[in-house]
Amino acid sequence: MSHARNTIFPRYSFDLHATQGKQMFAVKNQCLGLLDRITTLADSAAIELPENHSLAEEMQRAELLVPIIGAFSAGKSSLINTFLGADILPVGITPETELATELRFSRDPHVLAHRADGGSDRLAVEDLLSIKPRASSYTHLELHLDDPRLEALYPQILVDMPGFGSSLDSHNKAIAHYLPRGAHFIVAVSVPDGTLAESTLRQLETMQTYEAGFSILLSKANLRSAEEVDAVEVAVREQLELRLGVAPAMARDDRKQGNGLASLLPKISASDLWIGRFLPRISRQLAHARAQVKMARKALDQSDADIDRSVRQLNDALDDLNAQRDALVAKLGRSRLSQVVEQCVEEVGQALREAASELQAAAAGGNNPRFAQVVSDISRQRLSRVVKERMEGLSQQAIGDLAKSLSQREVDEVGSVGGPDWTQQMQTRVQETLTQTGQALERWQGNLQKAREDEKLLRPYAGDDENDREKAQRARVAFRSITTVLAVTTSVVAPAIELVVIFLPEILGFVSRKLREEELRKTIDNQVIPSVQREFRTKLPELLQAQVDGLIEQAVHEFKTAIEEKRQLLESVVAEQSSPARAARVKALDAAEAGLTSVANEVVALEAAR
């Protein structure tokens, strides 16, 4: 294979520059403009919003990953090759050598092969097939091509995913990496297969848990008559409606009429994806800015004594949060988590028993790899839902208890500064921070890596000096809390699935030999499923405990940040109470509030226009 387009496909019209591309960048610039105005208005009133700068940077470099998923041999790579107009991606490779491949535009064509240790190898495009014998050494690939279609798509990035029939290792790596990151998924369904396979439906259910949208592309439609394709489309739509309650966009790939990928992509609104990803966060920053402005304006009308009393109460509240953290850790400790573990174990067991026929078919003839993948996928689907529901419940309880303790101290009533709803506003803000979805994953992972490095660097000095001990403790806290935020906000259950992969070989010993149908069913019911449940029951508690400990640490940190922010604001107001600058500050705050109200109206209009 060479990059010289040795196999040429028909050229299909695809002009995102004139349609979605320009609209997408217009929306991006509009969102950046709104955020910049919020920051400028806050600055004019001496209100600091440091998170706005990091959000703006994230928006500038953000990409919208669009993974293409489907069963092995569903024709995903062929669809992309036809879209590109050349035989670029290898087709017909064995499932064991499949790797997720991101297709990116670049004036400098090359392949970047990412290793598990965080490093990467740069290869020529012509060497793509040479990766096959070393596929297990890499997590995923980036294929950079000088192609106008990929340039027109940006910031959407197509990802050719391993098929559902790929090796367990490559399949799990790809799902764990892209499921929380995907902005939208394209599901390739082979028309000759007739309908959605159970494995595909299970993947779609997992995607729903992660709140990921998807579209359907009926591949290989040219292999069946128009009437047969119509029947398959009707059947697929009925499956999706009955099982998932959705009616996604759908297109056909018929080589005689045109490329299905080119016809489907314009139906996926990049502008809507962008707005859905960033507008809620802009709205939260706007609400925060308005609350800060109102608080400062009201504080200027309070007496010095009232503000001093407020500051003292806030300082006491900061001290109390440490004790509240310890109480929460005890309250949400082993006894509560044991209930979560038991629910996970029972629901995984129930899901496996409900899929007994599928498991039996996969295990027939000693097909352990297929059997292992079915067990892994079923466990992932059920664990994703249960863990997300229970961890969200625990996070709400932790945040509610912290807010209640602050209300009991009358922090929000002191001097009426901030109004009686301040604690509720702070509670809402912390909850929103801890429930951000997977769009923030890259930023969190960057912080996580830094926390790991800091902890490793400071560990040898943790006992020598009080300052070093404090730094080491902060690194450990950051490591735990950031890891937990990943688990809570994206419902990442990859660690639990890794457990499945680790202990499955031992469990699969039960089905390694050929058994009669009745014996196989009994073996799965009486030995395999109980063994899977036993391993989860043994190893899930530590995973969940680490998540809850970190969640509480992060919640306390967010409350401390909000209280410290209010304390600093009040102290700055005290300095201006009797100074000539007071009148100018009042004028600036009033002007900022009027400007932020105007921004709020524009945000509402942008949301309504979706």
Side-chain angles (χ1 to χ4, degrees), residues 50-51 54 284 288 291-292 310-337 340 390-412 414 418 421-436 440 443-444 447-448 450-452 454-455 458 462 466 469-490 543-570:
E51 292 181 9
S54 59
R284 286 196 290 270
H288 180 47
Q292 291 289 92
S310 291
V311 171
R312 288 196 301 273
Q313 288 279 1
L314 290 169
N315 287 333
D316 291 343
L318 284 171
D319 293 336
D320 277 357
L321 280 173
N322 291 325
Q324 290 296 322
R325 175 194 59 207
D326 296 338
L328 274 173
V329 169
K331 180 178 180 179
L332 303 179
R334 294 286 180 182
S335 60
R336 288 296 306 277
L337 287 181
V340 179
R390 295 306 298 264
M391 293 302 289
E392 285 180 348
L394 290 176
S395 72
Q396 291 172 2
Q397 180 176 350
I399 292 168
D401 284 359
L402 290 170
K404 183 178 179 180
S405 70
L406 293 176
S407 296
Q408 290 172 345
R409 290 197 62 89
E410 299 181 344
V411 171
D412 52 359
V414 177
D421 295 329
W422 181 74
T423 300
Q424 179 60 47
Q425 293 170 357
M426 183 168 57
Q427 179 179 350
T428 300
R429 177 184 168 191
V430 174
Q431 183 65 41
E432 288 175 343
T433 299
L434 294 186
T435 55
Q436 291 183 52
R443 174 168 52 87
W444 282 115
N447 292 339
L448 173 60
K450 184 178 187 304
R452 285 173 171 158
D454 289 346
E455 183 179 23
L458 292 167
E466 184 176 349
R469 287 197 299 272
E470 184 179 349
K471 289 181 179 178
Q473 175 63 19
R474 283 201 304 269
R476 286 192 291 272
V477 167
F479 177 87
R480 288 197 304 269
S481 57
I482 291 171
T483 302
T484 300
V485 168
L486 277 173
V488 172
T489 62
T490 67
L543 273 176
L544 292 173
Q545 185 67 61
Q547 288 180 335
V548 170
D549 289 349
L551 173 115
I552 294 171
E553 200 76 62
Q554 184 70 19
V556 169
H557 170 75
E558 294 294 334
F559 272 102
K560 283 185 175 180
T561 299
I563 292 173
E564 179 66 22
E565 191 177 63
K566 180 176 180 179
R567 185 179 68 82
Q568 292 178 357
L569 180 66
L570 295 180

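A quick note: this is a predicted structure, and the numbers were derived from the prediction, not measured.
Rounding to the nearest 0.5 angstrom, the gap separating the CZ atom in Arg325 from the CG atom in Asp401 is 15.5 Å. How far OG1 of Thr561 is from CD of Glu51: 8.5 Å, rounded to the nearest 0.5 Å. In this structure, CD in Glu564 is found 11.5 Å from CG in Leu569, a value given to the nearest 0.5 Å. Atom CG of Leu321 sits about 4.5 Å away from atom CD1 of Ile563, to the nearest 0.5 Å. For the atom pair CG of Leu314 and CD of Gln568, the computed distance is 11.0 Å after rounding to the nearest 0.5 Å.
For Gln396, there are no side-chain hydrogen bond (donor to acceptor under 3.5 Å, both in side chains) partners two or more places apart in sequence or in a different chain. Qualifying side-chain hydrogen bond (donor to acceptor under 3.5 Å, both in side chains) partners for Asp326, counting only residues two or more places apart in sequence or in other chains: none.
Taking every heavy atom of both residues into account, Ala555 and Ile399 meet most closely at CB-CG1, 4.2 Å.
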side-chain contact (heavy atoms from CB on, under 4.5 Å) between Asn315 and Arg567, worked out: CA-CA 8 Å; Asn315 287 333; Arg567 185 179 68 82; 2.8 Å; yes

Test side-chain contact (heavy atoms from CB on, under 4.5 Å) on His288 and Glu565 and set out the steps. CA-CA 11 Å; His288 180 47; Glu565 191 177 63; 2.8 Å; yes

Under the side-chain contact (heavy atoms from CB on, under 4.5 Å) criterion, do Val556 and Gln324 qualify, and how do the steps go? CA-CA 8 Å; Val556 169; Gln324 290 296 322; 6.0 Å; no

